[in-house]
Undergrad: 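Have a look at this one.
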Amino acid sequence: MTPKIAEFLRVQQPATPCLVLDVDRMEDNYRAITRALPLARVYYAVKANPARPILDRLVKLGSSFDAASFEEIRACLESGAAPSAISYGNTVKKVSAIRAAHAAGVSMFAFDSAEELEKLAENAPGARVYCRIMVANEGADWPLSRKFGTSVESARELMSRAADMGLDPYGLSFHVGSQQTSTASYEAAIGKVGMLFTDLKDAGINVRMVNLGGGFPIRYRDEVPGIDDFGAAIMHAMIACFGNALPEMLIEPGRSVVGNAGLVNAEVVLVSRREKDDPVRWVYLDIGRFGGLAETEGESIKYEIATPHDGTAMGPVALAGPTCDGADILYEKSNYRLPLALKSGDVVQIRSTGAYVTTYASQAFNGFAPLAEHYI
Ligand SMILES: *Cc1c(COP(=O)(O)O)cnc(C)c1O
């Protein structure tokens with residue numbers, strides 16, 4: 001919790017549940033990332049948190065943007081981003097959205113299939129395109145990769161065809177999975193993509209960029225390597241692969257920019273025991289899976305929870321949301337423990353919820369309003 005957030009909660013006592021995010025803390029994160037990888041251009045992954053105050057601040061800081069839809073592109077433009085600073089990074093795009101992006105001056109597009117490449121050639125002629133390669137996602141708490149990317153062999157063929165189709169075969173990309181806790185996953189991916197890059201160059205294709213994606217982890221319940229460790233591992237692998245002839249480097253951090261800049265303030269609705277002598281208490285909060293905590297699916301992301309009774313005796317709990325849906329359970333198997341004094345009406349903080357929370361909130365399921373947001 002930053003001093004600014006603590007002060008806001010104390011003075012404003014906002015209605016729960018709500019996200020409170022310190023935009024200055026987000027700026028600190030952004031700066032730390034650019035310091036760790038000074039040779040890479042940062043394309044903030046808008047989906048992590050597309051709120052206006054975040055995009056406005058990032059435009060001021062000179063960030064570029066990775067957008068997944070025309071709506072996200074429009075949000076970036078409205079915050080003052082130049083079209084040239086926006087990458088349309090989704091490999092699955094509607095034709096109408098490709099056309100709208102192209103008309104708005106966006107000139108950089110991702111693809112991972114022949115079919116998408118054809119759509120780009122027809123609807124965004126001359127655009128810079130980059131091919132997403134499938135890489136291992138081991139070590140990621142929130143993997144992505146089975147849905148996206150293609151093999152090295154097919155990327156080789158598609159990148160040659162891109163040039164023949166009047167597109168600019170600009171580069172290659174990968175994503176090692178979100179909340180990736182292993183630096184080795186980037187090293188392995190760079191090795192794989194680097195070899196293809198060299199082959200393409202040797203074949204006379206004017207490929208110039210490697211997009212390393214996002215995935216950089218933040219601390220939830222468990223310690224993770226810092227951004228400097230990832231920066232060092234990445235640069236080591238890049239130099240091993242390319243020597244002095246480094247290509248343009250892009251990164252697309254989302255979680256590591258905004259995640260720990262915000263918290264959710266929530267109220268305990270009920271503390272109960274299934275049976276009188278059950279050691280495990282069920283703690284129901286006024287936010288759950290449908291209120292925005294979707295990354296608790298499979299108990300993948302394990303948020304830290306602070307209570308007014310921290311430092312007193314603890315006992316085991318299961319945590320759940322307030323809806324009448326059986327899937328609305330946050331943690332049952334992850335050995336959460338909370339103070340025995342915790343009771344209905346207490347206000348708790350769910351830490352590091354600045355990324356992938358607000359936009360996952362449902363529309364009035366069971367009558368619960370989407371998560372309120374305060375950017376300070
Ligand atoms: C989601 C996503 C990101 C951001 O990932 P983080 O793990 O939040 O850093 C970056 N690039 C692409 C293509 C994505 O889909």
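All ligand and atom numbering here is 1-based and tracks the order in the structure.
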Undergrad: Under 4.0 Å between a side-chain nitrogen and a carboxylate oxygen: does that hold for E118 and R161?
TA: yes
Undergrad: Under 4.0 Å, heavy atoms only, figure out whether ligand 1 is touched by the backbone of N90, its side chain, both or neither.
TA: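 Neither; no heavy atom under 4.0 Å.
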Undergrad: Do the side chains of R31 and D28 get close enough for a salt bridge, i.e. N-O under 4.0 angstrom?
TA: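 No, this pair does not count.
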Undergrad: At under 4.0 Å between heavy atoms, which part of A45 makes contact with ligand 1: side chain, backbone, both or neither?
TA: side chain
Undergrad: Considering only non-hydrogen protein atoms, determine which one is nearest to atom 3 (C) of ligand 1 and report residue, atom name and distance to 0.1 Å.
TA: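 Ranked first by proximity to atom 3 (C) of ligand 1 is H175 NE2, 3.3 Å.
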Undergrad: I'd like to know whether CG of N335 has more than 12 heavy-atom contacts from other residues, nucleotides or ligands below 6.0 angstrom.
TA: no
Undergrad: Has ligand 1 got any nitrogen or oxygen that is less than 3.5 angstrom from a nitrogen or oxygen of G214?
TA: no
Undergrad: Report the part of F148 (side chain from C-beta onward, or backbone N, CA, C, O) that has a heavy atom under 4.0 Å from ligand 1; answer both or neither where that applies.
TA: neither
Undergrad: Quick check on contacts: which atoms of ligand 1 are under 4.0 angstrom from a heavy atom of P253?
TA: 9 (O)
Undergrad: Any idea which protein heavy atom is nearest atom 6 (P) of ligand 1, and the distance to it?
TA: G215 N, 3.4 Å
Undergrad: Identify whether the distance between the nearest side-chain nitrogen and carboxylate oxygen of E115 and K119 falls below 4.0 Å.
TA: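 Not counted as a salt bridge, because no side-chain N and carboxylate O are separated by less than 4.0 Å.
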Undergrad: What is the nearest protein non-hydrogen atom to atom 10 (C) of ligand 1, stated with its residue, atom name and distance?
TA: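 Looking only at protein heavy atoms, the one closest to atom 10 (C) of ligand 1 is E252 O, 3.1 Å.
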Undergrad: Would you call R274 and D278 a salt bridge, taking side-chain N to carboxylate O under 4.0 Å as the test?
TA: no
Undergrad: For ligand 1, which part of R132 has a heavy atom less than 4.0 Å away: the side chain, the backbone, both, or neither?
TA: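 The part of R132 near ligand 1 is the side chain, not the backbone.
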Undergrad: Could you find the nearest protein heavy atom to atom 7 (O) of ligand 1 and give me its residue, atom name and distance?
TA: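 Here the closest protein heavy atom is S178 OG, 2.4 Å.
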Undergrad: Give a yes or no on whether E248 atom CD has more than 12 heavy-atom contacts from other residues, nucleotides or ligands under 6.0 Å away.
TA: yes
Undergrad: Checking a contact table here: which protein heavy atom is nearest atom 8 (O) of ligand 1, and how many Å away?
TA: Y356 OH, 2.6 Å
Undergrad: Report the nearest protein non-hydrogen atom to atom 14 (C) of ligand 1: residue, atom name, distance rounded to 0.1 Å.
TA: K47 NZ, 2.9 Å
Undergrad: Using a strict 4.0 Å threshold on nitrogen-to-oxygen distance, state whether K302 and D222 make a salt bridge.
TA: no
Undergrad: Short list, please: which atoms of ligand 1 are under 4.0 Å from a heavy atom of R255?
TA: 6 (P), 8 (O), 9 (O)
Undergrad: Within 45 degrees of the axis of the six-membered ring of Y30 and under 6.0 Å from its centre: does R57 put its NZ or CZ there?
TA: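 No, cation not above the ring by the 6.0 Å, 45° rule.
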Undergrad: Answer yes when R219 and E304 have at least one side-chain N-carboxylate O distance shorter than 4.0 Å, and no when they do not.
TA: yes
